[in-house]
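Here the structure comes first, spelled out in structure tokens, and everything after it is commentary.
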Protein chains: 2
Amino acid sequence: MQPENKMDILKSYIEAKGLKSTTQRDFIADTFFRTNTHISLDELLKKVRRKTPNIGYATVYRTMKLLTECGLAISRQFGDGQTRYENLPEDGHHDHIICTECGKITEFANVEIEALQEQVVRRLGFHIQYHKLELYGLCRDCSAHAGRAPGMHALGGG
Amino acid sequence: MQPENKMDILKSYIEAKGLKSTTQRDFIADTFFRTNTHISLDELLKKVRRKTPNIGYATVYRTMKLLTECGLAISRQFGDGQTRYENLPEDGHHDHIICTECGKITEFANVEIEALQEQVVRRLGFHIQYHKLELYGLCRDCSAHAGRAPGMHALGGG
DNA sequence: GATCCAATTGAAAATGAATGTCTTTGTCAT
DNA sequence: ATGACAAAGACATTCATTTTCAATTGGATC
Ligand SMILES: [Mn+2]
Ligand SMILES: [Mn+2]
Ligand SMILES: [Zn+2]
Ligand SMILES: [Zn+2]
């Protein structure tokens, strides 16, 4: 989906909720929509402040909360204490493999796993809402250099 | 495994590391070993303070860190902002389903899912270290009462 | 364009989990 | 009993996120 279309969805959501459009919010949202990484709030704030230096911390937090609420952003916690956000993926749900050495995040989707999850849930009498599957390990590069070049852990990167 | 045996393992670990035995640590560990829930630090502290009212926050944190380090405890983050700990399971690894309404945690193990994960990881050139699979949804009870009796969200419970 | 009012902003303070600091206390080998 | 050093407990600190609140802004209406 194009950033413009996402902006339209946001506009609709804002209108439906009786909220108001603001230049700050629009700019933060647009900046995020043009991102294709799993971006942290700090990174996003930094990016936004390049053009709008006096934008507030809280505004970015509030905007990302809003985008998450209306389904345009997904929040992820990969265990480094920082919430990351990614754009709603075109091709449906996916899960992640995270390199514990360099922080590289790789996405994958596996219908068999998803199906098995459904089965498990059904057997246990639950009604599933969402799930979280994260694999942690060493990426190819970091496996090769194993031992040397320790802990950069540059998760993401704007 | 019996709490006594776990205590022996802890004692060995302490000795091997050149640490010292203390009554507080032993009591916290013992209390934890006799727990069979996914207990939060607050809950554990509360439990411990019933018999030892002046025990410190930090001591419980430090003890659980130690137990995690020597493999007797597993730390879990189920997204409510509190780290929970569970005893090392007898029967190997398992994953969790968490009820988003009442907080009930149900455990499950599925060898097929685990095998598929291995496959995915190998294909992507990663060397897996650990993983996190959490399913979130409504338990049988909460599905039944759907709509009424909102949000107690008493995850765990000491 | 002026007016009104609720939504929004940004700065600063507050929160809350977890960790660090520091002084006192406890453990244990000698 | 003594000394060396780990550990406890009280308290401060960190860090991400949330809340507070006075000032500003959007946008609907006149
Ligand atoms: Mn992703
Ligand atoms: Mn468990
Ligand atoms: Zn890597
Ligand atoms: Zn439930």
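Here the structure is a predicted model, which means the values were calculated and not measured. Below, chain A is the first sequence line, B the second, and so on; all start at residue 1.
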- Task: Could you tell me whether the side chain of A:R62 has a donor or acceptor atom within less than 3.5 Å of a complementary atom in the base of C:dG10?
- Result: yes
- Item | B:I14 or B:R49, whichever maps to the more 5' nucleotide of DNA chain D |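 Residue closer to the 5' terminus by nearest nucleotide: B:I14.
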- Taking the hydrophobic residues Ile, Leu, Val, Met, Phe, Trp and Tyr, and joining any pair whose side-chain heavy atoms are under 4.5 Å apart, which ones share a cluster with A:I128?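 Traced through the cluster, A:I128 reaches A:I97, A:F108, A:I113, A:L116, A:V120, A:V121, A:L124, A:F126, A:L133, A:L135, B:I97, B:F108, B:I113, B:L116, B:V120, B:V121, B:L124, B:F126, B:I128, B:L133, B:L135.
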[N] [atom2] sits how many Å from [X] [atom1], rounded?
X: A:F27; N: C:dT9; atom1: CZ; atom2: P; value: 14 Å
X: B:M64; N: C:dT19; atom1: CE; atom2: P; value: 12 Å
X: B:R84; N: C:dA18; atom1: CZ; atom2: C1'; value: 16 Å
X: A:E15; N: D:dG26; atom1: CD; atom2: P; value: 17 Å
X: A:N54; N: C:dA12; atom1: CG; atom2: P; value: 13 Å
X: B:K17; N: D:dC5; atom1: NZ; atom2: P; value: 18 Å
X: A:D26; N: C:dA7; atom1: CG; atom2: P; value: 18 Å
X: B:Y13; N: D:dA7; atom1: OH; atom2: P; value: 11 Å

If you check the [X] side chain, which of [options] turns out closest?
X: B:Q24; options: C:dA18, C:dG10, D:dG9; value: D:dG9
X: A:S21; options: D:dG27, D:dG9, C:dA6; value: D:dG27
X: B:Y61; options: D:dG9, D:dA7, C:dA18; value: C:dA18
X: A:T22; options: D:dG26, D:dC5, C:dA11; value: D:dG26
X: A:T59; options: C:dG10, C:dC5, D:dT17; value: C:dG10
X: B:R25; options: C:dT8, C:dA17, D:dA7; value: D:dA7

Side-chain donor or acceptor of [X] paired with backbone N/O of [Y] under 3.5 Å:
X: A:R25; Y: A:K20; value: yes
X: A:N87; Y: A:N36; value: no
X: A:Y136; Y: A:F78; value: yes

- Select from A:Y57 and B:K20 the residue whose nearest nucleotide in DNA chain C is closer to the 5' end of that strand. A:Y57
- Upstream residue (5' side of DNA chain C) when B:Q77 and B:L19 are each assigned their closest nucleotide: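 Of the two residues, B:Q77 wins.
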- Transitive ILVMFWY side-chain link A:L19 to A:Y61, under 4.5 Å: yes
